[in-house]
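Reviewing the structure listed below.
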Protein chains: 2
Amino acid sequence: MQGVLESRGASAASGLTERQGAVLEQALRLLVDGGEKALTTAGIARAANCSKESLYKWFGDRDGLLSAMISYQASKVRTLDVSAGALDAEGLRRHLVAFAKDLLDVLAGDVSLALNRLAIGQASREGSKLGHMLQERGRRQIGRRAGALLEAGRKAGLLVFDDAEEAYGALYGLVVSDWHLRMLLGEEPGEMKKGFSRRAERAVDAFLSLYGKKG
Amino acid sequence: MQGVLESRGASAASGLTERQGAVLEQALRLLVDGGEKALTTAGIARAANCSKESLYKWFGDRDGLLSAMISYQASKVRTLDVSAGALDAEGLRRHLVAFAKDLLDVLAGDVSLALNRLAIGQASREGSKLGHMLQERGRRQIGRRAGALLEAGRKAGLLVFDDAEEAYGALYGLVVSDWHLRMLLGEEPGEMKKGFSRRAERAVDAFLSLYGKKG
DNA sequence: CTCCATCAGTACCGTACGGTACGGTTCGCA
DNA sequence: TGCGAACCGTACCGTACGGTACTGATGGAG
């Protein structure tokens, strides 16, 4: 189906063949549906119509497979950069609200929740790099978008802060609060999702009253 | 060692005998040290010098044991009520900072992190009530203390808010941000704990500038 | 002293998982 | 047409776990 030179499909950005990407897709699907316990090598092989031998040839062992799943999923998420155009107060607010809503939507996503649960479950193990990987690939990525947005706001004289990291932490906390943990603990996200827009606006209002120009 | 009328030890508040409490203590110790994978029935029996048969007689099955561990740990935590004395602005700030620091300390505790990891790992399972239990016994408990504090502040004319739940959510988010998740993902808490005091003060300052009287 | 309940310790069973090995098949390539 | 690489499907192995059954010891009640 594919040779050495893979056809650079949507998933081949990490040096994986399309076939391997499809396998990881099925593995993610299994993880989302049944949790970590359902994520057995035999189950993945069955769901992806491949052999266990191929799994071990491609990913080394089970941990390598889990790492590949996280890398693969992270490679699919592309954070759109903020437009560098001139910002007015209302534009900044709209960008912040959009960012806040996107953040809530991402955190509430099936795959995100499943991968976070997986990494947290493996976090007790010594030398488990899953948590670190998720942190690096996830938070850094979305934090970069927020950082650029905040910096643009400061450049435009709309925001006032000394430590961008602290300002971002406040924004994150106001937006997310303990909702992420509650969803990770199994609280039905369907009910919470309906309030995301209103929650994002409220949080951004609070953030602007803390770090806004006149504050 | 004990009959029907147990001697009301520190752990017998949940209808458990001292022996059973000691077993749960060992189970928590195992969980903290080695994570969920180390929490086998044989391991618990060995660590607690009891038989597996007794474990199943007392707790039914493994899930019952896990539930009992959460209930037991929750029963040990006693949230001290806020003193109902008259509050001035500085007193409210000190109370809020103390609450914030306690919150961070609790969330960063070994047992708390281990139990949260355990409940999150089981959250994918259908009908797993561990997450709900932890949410109810943990958040409600500490949220009640915060609620009383906020209400006292409002009664004293020092705080202004309509929805107490929303105000508490903002306080929680400003204090915790994503630190809880980062610790759950395995980030070394030793390094973070040093900044708890400063972080608590900063968060409370921000909270007061949002919900303080003059805000 | 005898009876009985409880419990520790251990052996045991069925199952399921991670990982490996092997036969059979497809497909590119000379 | 023949060769070899990749791969699927499956059988297999060792291990470890959850849960049960059995034995022997302890200790209190009558």
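Quick note on labels: first sequence line is chain A, next is B, and so on, each numbered from 1.
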Here the residues of residues 30-39 of chain A within 4.0 Å heavy-atom distance, strictly under, of DNA chain D are none

I need the [atom1]-[atom2] distance between [X] and [N], as an integer number of Å.
| X | N | atom1 | atom2 | answer |
| --- | --- | --- | --- | --- |
| A:Leu65 | C:dG18 | CG | P | 10 Å |
| B:Asp61 | C:dT15 | CG | P | 18 Å |
| A:Phe59 | C:dG18 | CZ | C1' | 16 Å |
| A:Lys52 | D:dC13 | NZ | P | 14 Å |
| A:Arg46 | D:dG9 | CZ | P | 11 Å |
| A:Asn49 | C:dT25 | CG | P | 18 Å |
| A:Arg125 | C:dG18 | CZ | P | 13 Å |
| B:Trp58 | C:dT6 | CH2 | P | 12 Å |

Could you tell me whether A:Arg29 atom CZ has more than 12 heavy atoms of other residues or ligands within 6.0 Å of it?
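No, because the 6.0 Å sphere around CZ of A:Arg29 holds 12 heavy atoms or fewer from other groups.
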
CZ of B:Arg182: more than 12 outside heavy atoms within 6.0 angstrom?
yes

Under a 4.0 Å threshold between the charged nitrogen and the carboxylate oxygen, would [Y] count as salt-bridged to [X]?
| X | Y | result |
| --- | --- | --- |
| A:Arg93 | A:Asp205 | yes |
| B:Asp102 | B:Arg145 | yes |
| B:Glu151 | B:Arg154 | yes |
| B:Lys193 | B:Asp105 | no |

Is a donor from one side chain sitting under 3.5 angstrom from an acceptor on the other, for B:Tyr72 and B:Glu25?
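Yes - a donor-acceptor pair under 3.5 Å links their side chains.
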
We want to know whether A:Gln122 and A:Glu36 form a side-chain donor-acceptor pair, criterion being a heavy-atom distance below 3.5 angstrom.
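The answer is yes; a qualifying pair exists.
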
Anything under 30° is parallel, anything over 60° is perpendicular, the rest tilted; go ahead and classify B:Phe161 against B:Tyr211.
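Correct class here is perpendicular.
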
Treating primed atoms plus P, OP1 and OP2 as sugar-phosphate and everything else as base, which nucleotides of nucleotides 22-29 of chain D get B, S or - for protein heavy atoms under 4.0 Å?
B-------

A:Tyr56 side chain: which of C:dG18, D:dC7, D:dT20 is closest?
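Nearest to the side chain of A:Tyr56 among the choices is C:dG18.
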
